[in-house]
Structure formats: structure tokens, C-alpha cells
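First up is the structure itself, then whatever we jot down about it.
So you know, we letter chains A, B, ... as the sequences are listed, proteins then strands, and number each from 1. Because the structure is predicted, anything quoted here is derived from the model rather than measured.
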Protein chains: 2
Amino acid sequence: MTAGTSAPRMRADKERNRSHILEVAQEFFSEEGVSGSLDTIAKRAGVGPGTLYRHFPTREALIAALLQARYDELFDRRDVIERDEPDTARALERWLEALYDYSTAFDGLPEPLRVALFEESSPLATTCENFITATEGFLVAAQRENRAQEWVRGRDLFLGVLATAWVSGAVLADDSSAAVLQAVHKTGWMIPAT
Amino acid sequence: MTAGTSAPRMRADKERNRSHILEVAQEFFSEEGVSGSLDTIAKRAGVGPGTLYRHFPTREALIAALLQARYDELFDRRDVIERDEPDTARALERWLEALYDYSTAFDGLPEPLRVALFEESSPLATTCENFITATEGFLVAAQRENRAQEWVRGRDLFLGVLATAWVSGAVLADDSSAAVLQAVHKTGWMIPAT
DNA sequence: ACACAATACGGAGTCACACTCCGCTTCCCC
DNA sequence: GGGGAAGCGGAGTGTGACTCCGTATTGTGT
């Protein structure tokens with residue numbers, strides 16, 4: 001059989017540029033947050049802006065490509081939780097923590113993720129959908145054992161995580177608000193074990 | 001005695017321009033959200049950009065001026081709640097609803113408010129501080145009667161409200177997520193009456 | 001009523017960033 | 001190693017934030 005429909009093999013220079021841009025963008029977004037200047041990324045990568053935009057037509061596309069690696073890692077984490085966490089509420093909690101870490105990967109990341117939730121054309125949209133589906137899985141399991149409020153949905157919890165991550169983005173290093181808000185959120189959806 | 005230090009009386013044209021800019025900005029921000037183009041506001045108001053920036057040196061200053069009117073209204077609401085709501089938890093809840101309405105006044109308003117919380121130089125900063133103080137008042141009263149978790153602070157609840165408002169900013173009209181998140185938040189900080 | 005500071009105005013100008021377009025280069029296959 | 005397709009660079013365009021200074025408007029003292 002052939003290599004499959006998904007990888008028509010790239011020209012060498014294209015592939016080289018693409019991965020180099022991603023490296024540079026990774027570093028740049030880590031320093032400046034996801035709303036830093038794209039032209040600067042191109043300059044730092046030693047390519048023209050045209051090249052950057054040909055590879056990643058929008059900022060969201062670039063972010064999506066960067067998140068791809070972490071995406072796989074996140075779903076590994078999900079599998080681990082599913083495998084060795086018998087307590088359904090605790091499992092859901094751990095999954096939400098994982099999601100939180102994911103959406104805190106870069107400064108300002110929650111914003112495009114939130115937007116993507118309501119624009120199906122965004123390259124981040126399907127990513128978000130997957131997160132919601134996974135969340136829904138953990139949530140339903142917890143609800144079946146009466147360990148989560150039955151009036152919440154996966155979508156709501158995902159938005160809650162995003163909102164918490166959004167707040168953290170501006171929180172001072174010594175401020176405990178992010179932790180408190182996570183606790184409020186958790187106390188809100190969870191039903192304590194009997 | 002003289003008119004006092006606070007109002008050195010403005011030149012007629014200055015006063016006229018200032019209030020006209022505010023009218024236009026009010027309408028424009030209502031349509032486009034608080035991150036719309038300032039130059040466009042100047043154009044619509046029939047003044048040069050210089051005039052707009054002389055009156056309101058930053059976007060935050062303009063927003064702050066616009067919020068001033070609603071600010072008074074909000075604190076009236078606080079007084080009403082304080083006067084005729086004997087249930088301390090319900091009083092806090094109503095106050096948080098008022099804050100939520102306030103921070104939903106314009107599209108995108110939660111963002112500058114959040115930023116202002118961590119930049120004391122912002123003209124919105126003192127506004128935020130007042131909100132937190134007021135929230136703290138309701139919260140402490142509720143905590144004294146064991147109707148609110150003792151590990152939350154006014155600042156946390158304010159941030160929680162902002163976060164909820166932030167989510168609502170992108171929510172589809174028929175989506176109930178905003179309401180659910182508010183409920184999660186409430187369930188999180190509140191302790192049911194015995 | 002008038003002149004003359006003082007004050008405020010307007011809009012052209014600068015800078016930074018997003019994003020496009022096309023002549024030229026590089027690659028790959030025969 | 002030749003030729004056509006694929007990709008590249010960077011100059012160019014458009015928009016928005018924000019400044020600067022010559023000009024117009026205002027209020028006041030005479």
C-alpha cells in the first residue's frame with residue numbers, strides 16, 4: 001500500500017521552513033503570549049511574511065499547529081486517568097486539571113479557544129469539540145454515580161476551565177485567586193461522596 | 001467659599017466636545033464592543049483624533065468615563081440590596097448579579113477590567129477596588145452567618161464574576177452556558193441554609 | 001466693543017502590524 | 001542537466017494607535 005491520503009510528502013524546503021517556523025513560534029509565544037506580532041516571528045525565523053502566511057493562513061492555524069503536539073500528550077493523560085482512577089469525581093477533576101494546564105500553555109491562549117468554540121470554521125474548533133466530548137465522558141460517569149450535579153454539561157465545564165485559565169493569565173505570581181477560583185468551580189459542580 | 005477644587009470650569013467648546021464624544025462612544029461601543037477603532041469614534045463625532053486623545057488619553061480612560069454613570073447606578077443597587085435583603089447569602093448573590101450586569105454592559109468589557117485589576121495606574125483600577133470592597137462587605141456578612149465558604153475572598157468572587165461575564169461575551173444567544181456557569185459559581189461559594 | 005493671551009482643535013504625519021502579490025529561486029523527476 | 005511545478009522573499013497596501021504643531025476659538029481685562 002501507499003503512504004495514505006494524508007501525507008502527500010512535502011518538498012524538502014517546505015518541510016524545513018514549516019518546522020523551523022513552529023520552533024520559533026513556540027519560543028516567541030512562550031515569551032510574548034499568543035498575540036505577539038506574526039511578522040516578528042517570520043523575521044526571527046528568517047523567512048518572509050508570505051512564507052509564514054502560506055504555511056499558516058491565520059494566527060489560529062499557527063496556534064492549532066503548535067498545540068497539536070500537546071494535544072496528543074493531553075489525550076495520553078486522559079487514558080491514564082481513565083485507567084487508574086476509580087473515583088469518577090476525582091477522575092473528572094483530574095481531567096479538568098489537565099485541560100487547565102493545556103489552556104495555560106501560552107499567555108492569552110484562552111481567548112482564541114473561546115472564540116473557536118463558536119466559530120466552527122476555526123482550525124481550533126474541532127480541537128475544542130474533542131475536549132468537550134472527552135469532558136462529557138468523565139462527567140456522565142460521575143453523574144451516574146451521583147458525584148456531579150446533573151444540570152451541568154461537558155460544554156459548561158470546559159468553558160469553566162477556560163474562564164479560570166483566562167483569569168490566571170493576568171494574576172500576579174503571589175496571588176492565590178486562580179487556585180481559589182478553581183476550588184469554587186470544583187465545589188460548584190461536584191457532589192461530595194456520601 | 002469657591003466652587004471647590006474638583007471643577008475648575010471648562011471652556012465651552014471643550015465641554016461640548018467631551019460630552020459629544022462620550023455620546024458617540026457609548027453608541028459605538030454598544031454596537032462594536034470596547035475594542036472598536038478609536039479613530040472611527042473621533043470621525044463619527046466630527047473631531048480630529050488629537051481631540052479625542054486629549055480628552056481621553058487611553059482607551060481605558062474613555063471606557064472609565066463611560067462607566068461612571070452606570071457606576072453610580074450600581075452603587076444605588078447596592079444600597080437597595082443592603083436595605084431590604086435580610087438573607088445575607090441572597091444579598092451577596094444579588095450583588096454579584098448586579099456586578100455581572102455591569103461588566104456585560106459592553107462587549108469585551110471584562111478584558112480591560114481584568115487587566116485593570118493588576119495595573120494600579122489604570123483609570124479603571126480604583127473602580128475595580130471599590131467593587132471588591134463592596135463585595136467583601138456582602139461576603140463577610142454571609143460568612144459570619146456561615147452562608148458562604150470562609151476560604152473565598154471578595155477579590156476571588158469579583159474575578160469569578162468577570163470570568164463568567166467573559167464567557168458570556170461569546171456565547172450564542174440560545175446557549176445556556178452562561179446561566180449554568182453562574183449556577184456553578186454560586187453553588188461553589190454558597191453554603192445552603194440549614 | 002476690542003484686543004490679546006491662553007486654551008483647545010484638526011488633521012496630516014509616524015509607527016507598527018496584518019496580510020497580499022508577483023518576479024525569482026529552488027526542488028524534483030525524467 | 002533541463003524544464004516545469006512548487007515554494008520563497010520582500011516590497012507593497014491598508015488599517016488603527018497615537019503625536020505634533022499651525023490655526024481657530026474662547027474668555028477676560030480694558
Any protein N or O atoms within reach of nucleotides 12-16 of chain C? Criterion: under 3.5 Å, listing atom names and distances.
none

Collect all protein-nucleotide pairs involving nucleotides 25-29 of chain C in which both atoms are nitrogen or oxygen and the distance is under 3.5 Å.
| residue | atom | partner | partner atom | Å |
| --- | --- | --- | --- | --- |
| C/dT26 | O2 | A/R11 | NH2 | 3.1 |
| C/dC27 | OP1 | A/R16 | NH2 | 3.4 |
| C/dC28 | OP1 | A/A12 | N | 2.7 |

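Sorted by first and then second residue, the salt bridge (charged side-chain N to carboxylate O under 4.0 Å, His left out) pairs involving residues 159-169 of chain B (not counting sequence neighbours) form an empty list. Screening residues 12-61 of chain B for ring pair (Phe, Tyr, Trp, His ring centres under 6.0 Å), with sequence neighbours left out, gives no hits. Residue pairs meeting the salt bridge (charged side-chain N to carboxylate O under 4.0 Å, His left out) criterion with at least one partner in residues 38-55 of chain A, sequence neighbours excluded, are A/E31-A/R44. For residues 181-194 of chain B, the side chain to side chain donor-acceptor pair (under 3.5 Å) pairs, not counting sequence neighbours, are B/E93-B/K186. Screening residues 123-157 of chain B for ring pair (Phe, Tyr, Trp, His ring centres under 6.0 Å), with sequence neighbours left out, gives B/Y71-B/F131, B/W95-B/F138, B/Y102-B/F131, B/F131-B/F158. Applying the salt bridge (charged side-chain N to carboxylate O under 4.0 Å, His left out) test to residues at least two apart or on different chains, the pairs with a partner in residues 58-77 of chain B are B/R77-B/D101. For residues 135-148 of chain B, the salt bridge (charged side-chain N to carboxylate O under 4.0 Å, His left out) pairs, not counting sequence neighbours, are B/D87-B/R147.
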Donor-acceptor pairs under 3.5 Å, side chain of residues 116-129 of chain A to any protein atom, not counting sequence neighbours: which ones?
| residue | atom | partner | partner atom | Å |
| --- | --- | --- | --- | --- |
| A/S122 | OG | A/L124 | N | 3.1 |

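With sequence neighbours left out, the side chain to side chain contact (heavy atoms under 4.5 Å, CB included) criterion links B/A163 to A/A163, A/W166, A/V167.
Applying a 4.0 Å cut-off to non-hydrogen atoms, the residues of residues 53-67 of chain B that approach DNA chain D are B/Y53, B/R59, listed by residue number.
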